[in-house]
Amino acid sequence: MLSQEVLLKQRAEILHALCSSGSSEHLERVVDMLLAQGELGWEDYQNVLVPGRTLYCNARQLLDLVYTKGAESCGLFFAAVKQVLPEAQGAGLFSSEFPSSSDDREKPQRTFTEALLTQRPSLISKLQGCLDGVLAALVESGHFSSSDCDGVQLPIHTPSQQARRLLDHVRSKGESAAAVVLQYVEHTQESRPTLEETSPTLNKEFVKYRKKLSRSVSAQSRFLSTYGGTSHMPLDDIYTDLHLELPNSSGDDYKSFDFEDIFGPVGTVNEDADTVLVSGEAGSGKSTWLQRLHLLWAQGVGLQNFVLLFPFSCRRLNSEQRDLSVKELLFQHCCWPDREQEEIFQFILDHPHLVLFTFDGLDELKQNLVDEHIICCPNQQAPVHVLLFNLIQGSLMKGVRKVVTSRPEAVGPGLKKHLQKEVHLKGFSPSGINCFVRKHHNDPNEAAKVLESLQANTALLGLCHIPVLCWIVSQCHKELLGCGEGSPQTVTDVYLMILQHFFQHHSTFKGAVGVNWLQQNLGTVLRLGQLALEGILNSSYVFSVTDLETCSLTESDICMGFLIQTKNMSLVHSICYEFLHITMQCFFAAIYTILSSNTGRSVIPKLFELHEMKKRSLSSACFYLPCANEQTISEDHSTTAESPNLQITATFASGLLSQRYRKLWFHCSSSVLLEKKAKQAAKCLSKGMQQHFKSIPQPVQGEKKSMHAMPEFVWLIKCIYEMQETRIAKDAMSKLEVDHLKLTYCNIGPVECTALAFVLQHLKNPVGIQLDNNSVGDVGVEQLLPCMHVCNSLYLRNNNITDESIRKLIDKVIHLDNFRKIALFNNRLTDACTQHFSYLLKTKQNFLSLRLGNNNITAEGAKQLAEGLKFNNSLQYLGLWGNKIGDEGAKALASALQNSNSIVWISLVGNGVGSAGAIALSNIIRNSTSLEELWLTENCITRTGVESLTQALKHNDHVKSVWLKNNDLSSAEVEELQKTESRLVF
Ligand code: ADP
């Protein structure tokens, strides 16, 4: 293939190969070679490497240029690329053969300036080791002024760029200047070998050092570090992709970053800078992300452009009191070379683009990074923070790539202007949460349960976007499901764990003996709590510095990580803060309410006040989490967000007032005061319940007394649950006298089910519990088991329930005398659950109603059910609407029920039943003494089937109707058949 064609065909790949590292070095080296070979002139050179234009633009310009110059130029271009990027060929790029380029291709050189040009590539590499000396020689010979030197040595340029600038400058100074350079280089080369041609000993030592370093990096990054210390979870097993975004990117143009993208051109704001900042809130996964980067490098699977990687933790650097040079910093803090230290360090200095430094947690650095002391010499000693600033801004070790992680507010504008780019770490995406939980729980069933309960609990799910909270919540579930002693039971437990985590994560010293973590941080808790409570009471979620000052919040309170700086505040340019999460604000407000002696007597009743729900959408929120937009709306227009937040606060307050925590508060508040508050809260809850019970209408005669619970009822139940006090639950239920409790559309998920079971188990008389149209799920079903003994009918229509929970449910209810009816319409049941129902039917001879409509039950499932039905003589209602039992299933059921004296109602609507099934079902009509209604609408029954049903009806006068709408009958047939039997409904 012609080289021009290859150039066109592989344009994208070539561009990627040249530019994807984000460094212009590859491109510039290719240009150097083409210049040396005379393929590019000076004008071309200036047209290609335009300062300020993006790297990709420059590279495209070069491709266009060599293409228009013709096949030979293209061939030489390929040869140059091959030399600069030998790995590109390995990756399948330009596999055709092209002549190999040689930067020292001998050409007769008539002048020194020409020699400077033809030897340009090798001169650039040689000059990097002796730039200062050449400049000195040029100054001495009168060719260069000091401003010429400054122009060459601008710190924003990499050493190779400085060498190029020098050559370009010398060219304009004429022959004698060029002669000085050539002579100087020749002289130094004689006295010192180039580092490219390093001695075999250095090569050997270097390889050893690289291995030692990568082993040490690998050992440090292999296991996930968690707040409880380093866990034994391999990072490879648990690492979950994080969501990284460019600042100001809207949802539409969001770009997620790969590790390799981090140095690429996307998002670059300063091409000459070498530092990338990865910023994110506390717990958003910055350290873990960096740890992953280290591990990928150490395992040899990523970032292999870098020969050496030096990882630093700012927290650890804080303990370095001495002044250090860069060499000491690298070798003493990362990895010590056993031999040839000088040479290895020289290699680093000469090949900065092959080296990567990482600094984790810049925000944790004690000293401020300020532009106070510029140092350029790598041997000069300075305090660590001074070294760091100079490294990041590039006056030291220019060309070495650096990745820095920090909380966003810790990086001021002084440092920001030296960044190549900033990338925001956003934590887990929704699929990330899913993935993390699956990795965190070895048992897939356990993981599925956790996920289900998270899906159903918006509050916890919301928190899980922050990886650290996801970890805590997932861990709590692990313990919860394992039911280990002392495992968290309530949302309050989970938040207290979070609180403890943050404090322990930040404290560098262990507290005095006998002083618990809360006592140690009580001041911070109360100050944050006051801010939070005032915010909740005034519907305010964003706080100015003045607000913070009013509550006496200190810098170190802010640093704990519960408050984050808010973005996009259009109001003022000043800094504003908000709580990490709205629920976190509620939690702090609740702590303040219970611990502070300044809150006044009315605060508790105010929290527990019942609010008339104004909006239906809000009314379903039991643990409501306003999203950011809703918060803004509430600030601007209404106070609708207020009552849900008060309710969340009240829920937490109930939890915190639980007897279980009295010990924790022991030295933090007066126990008399706490007792008073606990009584007040219990009274409020009891009053709230009474108000609900009073709203229950008297039943119409002959009907059951039914209560349709308002969402606030569920909230009150949850408060009681958070308290974990049986006495209060018993008391609340002692006054509830209903036959049917309707809790439809109440946003009831597993967490609410747990609370309901905790409270409802104390009901005096069995009730029907109707939970249709919620998100109970399998986890919720399990949570409900403890109250099944007070349940006579369980309605769980449309609740995302699978076969999984059915076995456990049936195992429980099969022995409960009161339990008579179950409705599971529109869930995700399959044939797998039918064996359990079959067992129920066989065993429980007082069971009345089984409704399994709109699931995925086929003929096989129907056959299983039939097995149970054969031995059952109590079932009255059998609903299988919208399944797929077909003729075979209908036949099995018919055979089981044909002599039933209990069945009253059967629905096989929409089940693909044809005439064969209808003929079989005729037997039930013929023989049963109890059947009243048979629903066969929306099937494919033809005339033959209907005639069989008609014949059977002649022998039965109990049956009231047989529904046959929408079957395979013409209107003439319908008209005719209708005349023969009036109980057929078409
Ligand atoms: P940051 O440095 O932003 O404060 P960390 O990296 O320390 O956050 O993350 C806190 C915790 O969150 C980790 O200990 C780990 O349990 C979990 N975590 C964070 N990122 C990830 C990830 N990508 N994959 C799995 N777990 C993670």
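Read the numbers this way: they start at 1 and go in the same order the structure lists the ligands and their atoms.
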Is there a polar contact, in the sense of an N or O pair closer than 3.5 Å, between Leu224 and ligand 1?
no
Show the atom names and distances, to 0.1 Å, of all donor-acceptor pairs under 3.5 Å that link a side chain in residues 427-435 to residues at least two apart or in another chain.
| unit_1 | atom_1 | unit_2 | atom_2 | d |
| --- | --- | --- | --- | --- |
| Ser429 | OG | Ser431 | OG | 3.3 |
| Ser429 | OG | Gly432 | N | 3.1 |
| Asn434 | OD1 | Arg438 | NE | 2.9 |
| Asn434 | OD1 | Arg438 | NH2 | 3.4 |

Hey, does Phe428 sit under 4.0 Å from ligand 1 if you only count heavy atoms?
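Yes, that is the case, since the closest heavy atom of the residue is under 4.0 Å from the ligand.
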Within-shell test, Ser284 vs ligand 1, heavy atom, strictly < 4.0 Å:
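It does; at least one heavy atom falls under 4.0 Å.
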For the residue pair Phe310 and Phe312, does the interplanar ring angle fall in the parallel (under 30°), tilted (30 to 60°) or perpendicular (over 60°) class?
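Phe310 vs Phe312 ring planes: parallel.
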Anything under 30° is parallel, anything over 60° is perpendicular, the rest tilted; go ahead and classify Phe579 against Phe588.
tilted
Is it true that Asp274 and Lys398 make a salt bridge, defined as a side-chain N closer than 4.0 Å to a carboxylate O?
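A salt bridge is present here (some side-chain N lies under 4.0 Å from a carboxylate O).
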Within a distance under 4.0 Å of any heavy atom of [X], pick out the atoms of ligand 1 and give their elements.
X: Phe436; value: 25 (C), 26 (N)
X: Leu242; value: 23 (N)
X: Thr240; value: 22 (C), 23 (N), 24 (N), 25 (C)

Nearest option to atom 5 (P) of ligand 1, as decided by whichever heavy atom of Thr288, Val468, Ile466, Ile238 sits closest:
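Minimum heavy-atom distance to atom 5 (P) of ligand 1 goes to Thr288.
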Please list, chain by chain and in numerical order, all residues satisfying side chain to side chain donor-acceptor pair (under 3.5 Å) with Asp360, sequence neighbours excluded.
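With sequence neighbours excluded, Asp360 shows a side chain to side chain donor-acceptor pair (under 3.5 Å) to Ser287, Thr405, given in chain and number order.
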Would you please indicate if the ring centroids of Phe306 and Phe263 are separated by under 6.0 Å?
yes
Please state which part of Tyr239 comes within less than 4.0 Å of ligand 1, counting heavy atoms only: side chain, backbone, both or neither.
both
